Amino acid sequence: MKERRILIVLNLEVLEDLGIQEKIGDPVVLEAAVGGQGQQQQQQAQQPVHQPRQVAPISNTNFYGNNKPAPQNQLQQTMKLAPSSTGGHAAAIYPIEGLSPYQNKWTIKARVTFKSEIKHWHNQRGEGKLFSVHLLDESGEIKATGFNDQCDSFYEVLQEGQVYFISKCRVNIAKKQFSNIQNEYELSFERDTEIEKCEDQSSVPQERYNFVELGNVSQIEKDNTIDVIGVVKEVHDLSEITSKTTQKPISKRDLTIVDSSQYSIRLTLWGKQAQNFSTDEGNVIAVKGVKVSDFNGRSLSMYSSSTMSVNPDIDEAHSLKGWYDGSGKSENFSTHANIGGSLSAASGRKEDRKTLAQLKDEGIGMSEQPDYFTTKATIVFIKQDNISYPACPAEACNKKVIEDSDGQWRCEKCDKSYPKPNHRYIMTISVNDHTGQAWFSTFDDVGKQIMGKTADELFQLKEENEQAYLDVINGATCTTFNFRCRAKQDNFQGQAWAYLVVLGATTINFTQASKELIELINAYGI
Ligand SMILES: [Zn+2]
C-alpha cells in the first residue's frame, strides 16, 4: 500500500512466564499458510461467499500450546453470526475496527451516531450531492459517505440513533481533514451496498467519547478536534453574526462549561444548534468532535459534525453532576483566557508552556516587554567558571565583595568588611528538550535546588575535595525540571538576543506529566 509499511515478525518468542496467554489478533496456524501464496489465494477464492471467516484450526490446545482454555478476545466475541431472521445475513458480523481494504466479505452492526445534511456541489466536472454518517460499534467508529444515487437510496433509510446491518461498501483510506472520526479507513456506499435496520437496537453502544479535561485544553493545539464533558455554568443569549466565508447571517450562542479540574471554557454553538439549545444551567453536556480554537486563549467551537448529548447516562456525567451539586456550584474557576502570544505580554505575568524550539521560533524575549514562560527541560551542562560569587553577608545586600590585603571581605555598598563572604550561585546552564537547546541563567535559590547544596557548601567542597565537588556537578546534570522563566531582550556587541532567567524550578511530577502526555497523545487520534 502506498506510504504504508508492513511489519513482518518472524520467530516471535512468547514469554509465557509473563502471563501472556491470549492470542493476539487473528493469526492462522503455519501449516495452513505454508502452501505458497498462490495456493493461499486459491483457498480464499474457493471459500463460499456467504461463509463466516474461519477461525484458525487450533486443536485441543490453544495458540501457544497451553491446555488452559484461552480467554476469548474481543474480535472473536464480536464475530457472531447475524440472526438469519433479520434478512438472511449469513456473513460474519465484523467489528468496525476489523474493517480494511483487504477484506470485502463483511457485515457490520453499527449505530448511526451522526447524519449530515445533504450537501450539493457544483464544479467544472459537473455537479452532485452527498451525505455522510458516523457509524459506531463496541470496537470503534467509522465514517461512511453516500454520493448521488446512494444519497437518494440511503439518506432516508439511515436515521440517527438507530442500529443497522451494513455490508458491501468500499473501504477507503480516511480523509482525516474532513472528519473527526479516529479511524484509518472510511466507507463509501456503492450500488450493491446493503443496509438493513437491526431489530435488536440495544447491544450497540450509544456514543464513544475520549474526553479531555477542561484544565488540559490549553495543551491541545488549535484546530484539533476533541471530546469534552462539562456542566453548563452559563447560557448566553442567541446572537446573529455575518459569516466571513458565505456572507450570510448565522446564529450563534455561547455557553460556559466547567468541570472538576476547576477550569471554565467557552463553547460556541452555531446555526440550528444555537437556536434550538434549551438546556438549563447545571446540566451536564457531553460534546463529541468539538474544535479547539485559540480565540481568547482557548475556546471551543462546534462543527456541523459535532454532536452534543445532555445528561448522558455515562459514569463521567454522573460523577460530574455529583461534584457540581456538591461543591462545584460554589467554586471559582480558572479560564484559558490570556494564554499565549501578545495577550501574555499585555496581561503581564501570565506564563505559557513552551518548547525550546518555540522560544526561538516565536521570538520569545525579543520584544519590548519581557515574556514569561514555563518549559520542561533537562540540564545537560553547567558552566563551572563563575558558578558562584562571594557576596556580602549582610541581610538583603548580595553585593559582590572583594578580598582585601588583610584577608577581610569588603562590601563597597555597606562600606564594611567581613571575615568571610556568603557565596551565592550565579550559574549558566545549558538545557535541552526534544526540540532544541537554550542557555538559562539561574541565581541563588534555583541554584540551591539544582545542586542540592548551598553555594557556600559547594565552595567549601571545592577547596577540600575536588572530586567530591565534581561529583555534585555531575549529579546535577541530566536532571529534568519544570522551569519558570522570564525572557528579556539584551544586546551583546550590537546583536539582540533573548536573556533567559530561571525564576523557579520544580521537579517533575511524573504522574501529572504522564497524564498530560496521555492527553496530548490522545489528541493526535492515533
Ligand atoms: Zn553589603
Side-chain angles (χ1 to χ4, degrees), residues 348-349 351 359 365 369-375 377-432 437-508:
R349 284 183 161 240
E351 285 134 25
L359 299 183
Q369 295 287 325
D371 291 313
Y372 294 86
F373 65 91
T374 64
T375 190
T378 302
I379 299 171
V380 295
F381 178 69
I382 298 170
K383 263 194 183 173
Q384 281 185 45
D385 49 333
N386 282 329
I387 218 165
S388 63
Y389 70 96
C392 171
E395 190 121 356
C397 178
N398 299 338
K399 270 272 173 208
K400 188 173 179 177
V401 291
I402 295 166
E403 194 171 16
D404 56 27
S405 51
D406 55 359
Q408 292 276 310
W409 295 83
R410 177 152 184 85
C411 175
E412 294 294 338
K413 193 179 166 210
C414 303
D415 191 20
K416 228 177 137 182
S417 289
Y418 301 91
K420 88 192 247 310
N422 181 23
H423 284 89
R424 293 178 65 86
Y425 285 112
I426 179 167
M427 294 200 301
T428 304
I429 58 175
S430 175
V431 297
N432 268 79
Q437 181 274 342
W439 291 100
F440 285 172
S441 293
T442 66
F443 297 106
D444 203 48
D445 287 345
V446 175
K448 273 186 230 167
Q449 242 179 310
I450 291 170
M451 292 296 187
K453 286 191 176 332
T454 66
D456 261 343
E457 287 165 349
L458 192 68
F459 187 80
Q460 207 177 338
L461 203 57
K462 192 183 179 184
E463 307 273 272
E464 291 163 2
N465 183 344
E466 177 84 16
Q467 188 53 49
Y469 160 80
L470 289 174
D471 287 348
V472 172
I473 290 174
N474 285 335
T477 44
C478 295
T479 52
T480 305
F481 291 90
N482 280 315
F483 293 103
R484 193 160 52 82
C485 303
R486 184 186 59 217
K488 249 172 93 176
Q489 201 194 63
D490 205 345
N491 279 285
F492 180 72
Q493 297 180 343
Q495 191 87 8
W497 62 291
Y499 176 56
L500 309 172
V501 173
V502 180
L503 303 173
T506 50
T507 50
I508 308 296

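What you are looking at is a predicted structure, and each value in this text was computed from that prediction instead of being measured.
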Q: Does Asp490 use its side chain to pair, donor to acceptor, with the backbone of Ala498 at less than 3.5 Å?
A: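 No, because the side chain of Asp490 does not come within donor-acceptor range (under 3.5 Å) of the backbone of Ala498.
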
Q: Locate the shortest heavy-atom distance separating Val431 from Ala377; write the atom from each residue and the value.
A: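 Looking at all heavy atoms of both residues, the closest pair is CB-CB, 3.9 Å.
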
Q: For Phe443, check side chain to side chain contact (heavy atoms under 4.5 Å, CB included) against everything at least two apart and list the hits.
A: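 With neighbours one apart ignored, the set is Ile426, Tyr499, Val501.
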
Q: Would you tabulate the side-chain donor-acceptor contacts of residues 448-459 under 3.5 Å, counting partners in other chains and residues two or more places apart, or write 'none'?
A:
residue : atom : partner : partner atom : Å
Gln449  : NE2  : Ala505  : O            : 2.4
Thr454  : OG1  : Glu457  : N            : 3.0
Asp456  : OD1  : His423  : N            : 2.9
Asp456  : OD1  : His423  : ND1          : 3.1
Glu457  : OE1  : Thr454  : N            : 3.0

Q: Ring pair (Phe, Tyr, Trp, His ring centres under 6.0 Å): which pairs involve residues 397-417, sequence neighbours left out?
A: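 Pairs touching residues 397-417 that pass the test: none.
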
Q: Just how far is it from atom CG of Leu461 to atom CD of Glu466, taken to the nearest 0.5 Å?
A: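 CD of Glu466 is found 9.5 Å from CG of Leu461.
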
Q: Go through the structure and list residues passing side-chain hydrogen bond (donor to acceptor under 3.5 Å, both in side chains) with Gln384, not counting sequence neighbours.
A: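 Once residues adjacent in sequence are excluded, Gln384 has no partner under the side-chain hydrogen bond (donor to acceptor under 3.5 Å, both in side chains) criterion.
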
Q: Nearest 0.5 Å, what's the CZ-CZ distance between Phe373 and Arg486?
A: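 Output value for this atom pair is 11.0 Å.
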
Q: According to ring pair (Phe, Tyr, Trp, His ring centres under 6.0 Å), who are the partners of Phe481, at least two apart in sequence or on a separate chain?
A: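 Expected list: Phe483.
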
Q: Got a sec, which residues hit side-chain hydrogen bond (donor to acceptor under 3.5 Å, both in side chains) with Thr378, two or more places apart in sequence or on another chain?
A: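 Partners of Thr378 by the side-chain hydrogen bond (donor to acceptor under 3.5 Å, both in side chains) criterion, ordered by chain and then number, come out as Thr480.
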
Q: Please list, one pair per line, the donor and acceptor atoms closer than 3.5 Å that link side chains of residues 470-478 to other protein atoms, with sequence neighbours excluded.
A:
residue : atom : partner : partner atom : Å
Asp471  : OD1  : Gln467  : NE2          : 3.1
Asn474  : ND2  : Leu470  : O            : 3.4
Thr477  : OG1  : Asn474  : O            : 2.7

Q: Could you measure the distance from the SG atom of Cys485 to the CG atom of Leu503? Nearest 0.5 Å is fine.
A: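 Between Cys485 SG and Leu503 CG, I get 6.5 Å after rounding to 0.5 Å.
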
Q: Any chance you could lay out the side chain to side chain contact (heavy atoms under 4.5 Å, CB included) test for Ile382 and Ile387, step after step, and finish with the verdict?
A: CA-CA 8 Å; Ile382 298 170; Ile387 218 165; 4.0 Å; yes

Q: Does the Asp371 side chain pair with the main chain of Gly365, one donor and one acceptor, at a distance under 3.5 Å?
A: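 Looks like yes, one N/O pair under 3.5 Å.
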
Q: List the steps and the verdict of side chain to side chain contact (heavy atoms under 4.5 Å, CB included) for Ile379 and Phe440.
A: CA-CA 10 Å; Ile379 299 171; Phe440 285 172; over 6 Å; no

Q: Rounded to the nearest 0.5 Å, what separation is found between the OH atom of Tyr469 and the CD atom of Glu464?
A: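 Rounded to the nearest 0.5 Å, the OH-CD separation comes out at 14.0 Å.
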
Q: So, using side-chain hydrogen bond (donor to acceptor under 3.5 Å, both in side chains) as the criterion, who are the partners of Ser388 when residues are at least two apart?
A: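 With sequence neighbours excluded, Ser388 shows a side-chain hydrogen bond (donor to acceptor under 3.5 Å, both in side chains) to no residue whatsoever.
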
Q: List in chain and number order the residues that pass side chain to side chain contact (heavy atoms under 4.5 Å, CB included) with Thr428, two or more places apart in sequence or in another chain; answer none if no residue qualifies.
A: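 Expected list: Lys383, Trp439.
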
Q: What pairs of donor and acceptor atoms, side-chain ones from residues 393-405 against any protein atom, are under 3.5 angstrom apart with sequence neighbours left out?
A:
residue : atom : partner : partner atom : Å
Asn398  : OD1  : Arg424  : NH1          : 3.1
Asp404  : OD1  : Asp406  : N            : 3.4
Asp404  : OD1  : Gln408  : N            : 3.1

Q: Using side-chain hydrogen bond (donor to acceptor under 3.5 Å, both in side chains) as the criterion, list what pairs up with Ser430, not counting sequence neighbours.
A: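 Applying side-chain hydrogen bond (donor to acceptor under 3.5 Å, both in side chains) to Ser430 gives Gln437.
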
Q: For residues 379-408, which residue pairs qualify under ring pair (Phe, Tyr, Trp, His ring centres under 6.0 Å), counting only residues two or more places apart or in two chains?
A: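 For residues 379-408: none.
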
Q: Could you tell me whether Glu463 atom CD has more than 12 heavy atoms of other residues or ligands within 6.0 Å of it?
A: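 Yes, the 6.0 Å shell around CD holds more than 12 heavy atoms from other groups.
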
